[in-house]
K.L.:
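Take this structure, written in structure tokens, and hold onto it; I'll ask about it next.
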Amino acid sequence: MDPVLLVASIMVSATPILLAALGEMVVEKSGVLNLGVEGMMITGAVMGFAIAVTSGSPLMGFAGAAVSGAVLSLAFGFLTQYLLSNQVATGLGLTLVGLGLSALIGSHYEGQRAPALGKLDMPLLSDIPMLGRMLLSHDIMVYVSLALVAAVWAFLKYTRAGLILRAVGEDHASAHALGYKVVRVRMAAIAFGGACAGMGGAYVSLVRVPQWTEGMTAGAGWIALAIVVFASWRAFGVLIGAYLFGGVTVIQLNLQAAGTTVPVELLSMSPYLITIIVLVIISARGVQGAPASLGRSFHASS
Amino acid sequence: MIRLEKRTQPSGYWTALSPILAVGLTMIVGGFMFWALGKPPVEAIRTIFWDPLFHPQFADYSRPQLLVKAGPLILIAIGLSIGFRAGIWNIGAEGQYIMGAVSGAAVGLAFYPSQSVLLFPLMVFAGALGGWAWAMIPAVLKTRFGTNEILVSLMLVYVAENILASASAGWLRNPEGMGFPGSRNFKQWSAVYNAELLTGTGMHWGVAAAFIAVIAAYVMMARHIQGFNVRLTGEAPLAARFSGVSPAWIVFLCLGVSGGLAGLAGLFEVTGPAGQVSIDFGSGYGFTAIIVAFLGRLNPFGILAAGLLMALTYIGGELAQLMLGLPGASIQLFQGMLLFFLLATDVFTNYRVRMLRREAA
């Protein structure tokens, strides 16, 4: 098949997971495990779709999806950071709430079509043979997601705020003793993660499919969680993981369309099987780089 | 200023009170939600929680449904609660439920049209084995390689759904079904049909198994050394290890029990209320059971009550859909909110809330 089209479609299929996984990586860097990525993604998918259809502007849709993902994640944040609830259970609850909420809102929008997000054709650059169409003729969100990878990497590595965020994630008691506001830092990280997951979801409903069907994220949020582990909590690792995964998805979809002798069900389960295999390889090698305070509640005793 | 003070022990009083508070809060917020959807809030809440049991016209039909829906929820939640106590998060019960149904049905259909009395017990065994085997995948990966059981068990749900799709459209399809997807109907095969045991109650073998599981889980957790070890592992992992409890064994025990029970639930469902292996067999019981386990405070008798309540919201939700045109998804949201409020109100169980006045400097 056409390699130009292949690479271009891998980039499209990887973008939702890239956005969600990048957000979750920042959340986990601050020491919080939010298992509600799937719920925030699906809510972002439906809110983004609804807003884009109503306003006629896909960009408004993405903005709305980011806001709704962040709002939902702050509910998780309030429970885990202020009411000190169990992070695993609360994250699961967030996913269940998100799935219900999205199905409720989405029932009005089934069968409609989203306004198209235009390709961002760059003068001259997009006309470069092969490379131009392959890499430089995408919609704006693909570039936003790539820019966000670089931004998150630089933020965590070079800025003071990034250092504080990492400190909070590694040892919340010491960070607290130094006078940093552990809970506030974490709430900010959680909101960022929610916004990213929301945008990732909106990319599924507005660009990749592009229409609304119930449960359409189909586990992408969980795969994003796996990619964070795969990436050893590094921004460029997330990029590689998301694009590899996008590649697997595109190849299995193409094989399905080509009508090979391999059963369709085996092909559609392959992304999940590959995720498991990758998780096993990573863990057998020894998971590296997990923030030391990941998943632990912080309660200041003084 | 409000301060939280950690209790040395969870408050017994609040452990019992917070689920009630959470149900109340869910009713209030849910009422607002129904109102926002343009439905009469009080009537909607009454339709969900009261009418299935006491409505003069519908109660006769819906009351038996209570046990039909509660059976699988309780059976799965009992298994999950044991793992949750030990800090082992099996969230792929939906996949184990599907695999139990598929493997049990496959064994049964291999002997079609036998009328042997041994066939149904064999299928029950195969169902439990199927769910158990599916849960052993995350267990082996966790103990052997340290792979996160949350992600693996969840990924396996999607794999199981695809196996279910291929079974119902392919290798388990009814050869006399004119090419339509779906297996033979167990309701028309008296030897293996999991019928009501007592007419008009909804009580089938799965419900009986759920009641037995409640008692067995209570005995295990409260009286047996294995239950003690499970609780110890959850509350003080280091102490458990020093006292000689093998962490790997606890993983196998917790995932094995929850997988086996979920598989049983699937088998009883496919041979009973569902009637056949079909593409839409997976109905989300495996996920709702997570809410049931927490709402029941991970306590077997609490889970019994929580399972009945959750079954009520299913039936009431269907009734509200019929009578008030309430969207089906609103019940799903309602159930999710219940878990959220429960986790929120649990702050009172583990912490004491103190009001502090700012001291004059």
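Values below: every heavy atom of this structure, side chains too, minus hydrogens, waters and symmetry copies. Keep in mind that what you see is a predicted model, and the values were worked out from it rather than measured.
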K.L.:
Are L279(A) and N148(B) side-chain neighbours, meaning at least one heavy-atom pair lies under 4.5 Å?
P.N.:
no

K.L.:
How far does CG of L92(A) sit from CH2 of W89(B), to the nearest 0.5 angstrom?
P.N.:
7.0 Å

K.L.:
Quick check: do L83(A) and L343(B) have side-chain heavy atoms less than 4.5 Å from each other?
P.N.:
no

K.L.:
Chain A heavy atoms under 4.5 Å from F294(B): which part of the residue, side chain, backbone, both or neither?
P.N.:
side chain

K.L.:
Using side-chain heavy atoms (C-beta onward) and a distance below 4.5 Å, is F84(B) in contact with N86(A)?
P.N.:
no

K.L.:
Please identify, among T288(B), N162(B), I290(B), the residue contributing the most non-hydrogen atom pairs under 4.5 Å to chain A.
P.N.:
N162(B)

K.L.:
Identify the two heavy atoms, one from M269(A) and one from V159(B), that lie closest to each other, and give their separation to 0.1 Å.
P.N.:
SD-CG1, 3.4 Å

K.L.:
Could you tell me which of G98(A), S102(A), P271(A), A218(A) has the largest number of non-hydrogen atom pairs under 4.5 Å with chain B?
P.N.:
A218(A)

K.L.:
Which pair of non-hydrogen atoms, one from A89(A) and one from L339(B), has the smallest distance, and what is that distance?
P.N.:
O-CD2, 4.3 Å

K.L.:
For a side chain to side chain contact (heavy atoms under 4.5 Å, CB included) check, start with the C-alpha distance between I291(B) and L96(A), then their side-chain angles and the critical distance, and finish with the verdict.
P.N.:
CA-CA 9 Å; I291(B) 305 179; L96(A) 294 172; 3.6 Å; yes

K.L.:
Can you tell me which of G170(B), A329(B), A169(B) forms the most heavy-atom pairs within a distance under 4.5 Å of chain A?
P.N.:
A329(B)

K.L.:
Could you check if a side-chain atom of I223(A) sits within less than 4.5 angstrom of a side-chain atom of M155(B), using non-hydrogen atoms only?
P.N.:
yes

K.L.:
Look up atom OG1 in T147(B) and atom CD1 in I277(A), then write down how far apart they are to the nearest 0.5 Å.
P.N.:
11.5 Å

K.L.:
Short question: side chain of H299(A), backbone of L4(B) - any donor-acceptor pair under 3.5 Å?
P.N.:
yes

K.L.:
Report which part of Y82(A) has an atom under 4.5 Å of a heavy atom belonging to chain B: side chain, backbone, both, or neither.
P.N.:
backbone

K.L.:
Measure S268(A) against the heavy atoms of chain B and call it side chain, backbone, both or neither at under 4.5 Å.
P.N.:
both

K.L.:
If you count heavy-atom pairs under 4.5 Å with chain A, which of L151(B), V152(B), L333(B) comes out on top?
P.N.:
L333(B)

K.L.:
What part of I150(B) gets closer than 4.5 Å to chain A, counting heavy atoms only: side chain, backbone, both or neither?
P.N.:
side chain

K.L.:
Please give me the minimum heavy-atom distance between F145(B) and V280(A), naming the atom from each residue.
P.N.:
CD1-CG1, 3.6 Å

K.L.:
Do the non-hydrogen side-chain atoms of V97(A) and Q332(B) ever get within less than 4.5 Å of each other?
P.N.:
no

K.L.:
I'd like to verify something: which residue of L338(B), I137(B), V347(B) has the highest number of heavy-atom pairs under 4.5 Å with chain A?
P.N.:
V347(B)

K.L.:
Is it true that atom CH2 of W35(B) has more than 12 heavy atoms of other residues, nucleotides or ligands lying nearer than 6.0 Å?
P.N.:
no

K.L.:
Mind checking whether Y158(B) and Y272(A) have parallel, tilted or perpendicular rings, split at 30° and 60°?
P.N.:
parallel

K.L.:
So what's closer than 4.5 Å to chain B heavy atoms on L35(A): side chain, backbone, both or neither?
P.N.:
side chain

K.L.:
Is the closest side-chain heavy-atom distance between L37(B) and L104(A) below 4.5 Å?
P.N.:
yes

K.L.:
Is E110(A) atom CD crowded by more than 12 heavy atoms from other residues, nucleotides or ligands, each under 6.0 Å away?
P.N.:
yes

K.L.:
Check whether any side-chain heavy atom of F340(B) lies under 4.5 Å from a side-chain heavy atom of L94(A), and answer yes or no.
P.N.:
yes

K.L.:
Inspect the surroundings of CZ in R184(A) and state if more than 12 heavy atoms from other residues, nucleotides or ligands are less than 6.0 Å away.
P.N.:
no

K.L.:
Chain B heavy atoms under 4.5 Å from L79(A): which part of the residue, side chain, backbone, both or neither?
P.N.:
side chain

K.L.:
Does L141(B) form a side chain to side chain contact (heavy atoms under 4.5 Å, CB included) with I276(A)? I'd like the steps, not just the answer.
P.N.:
CA-CA 9 Å; L141(B) 295 181; I276(A) 293 176; 3.9 Å; yes

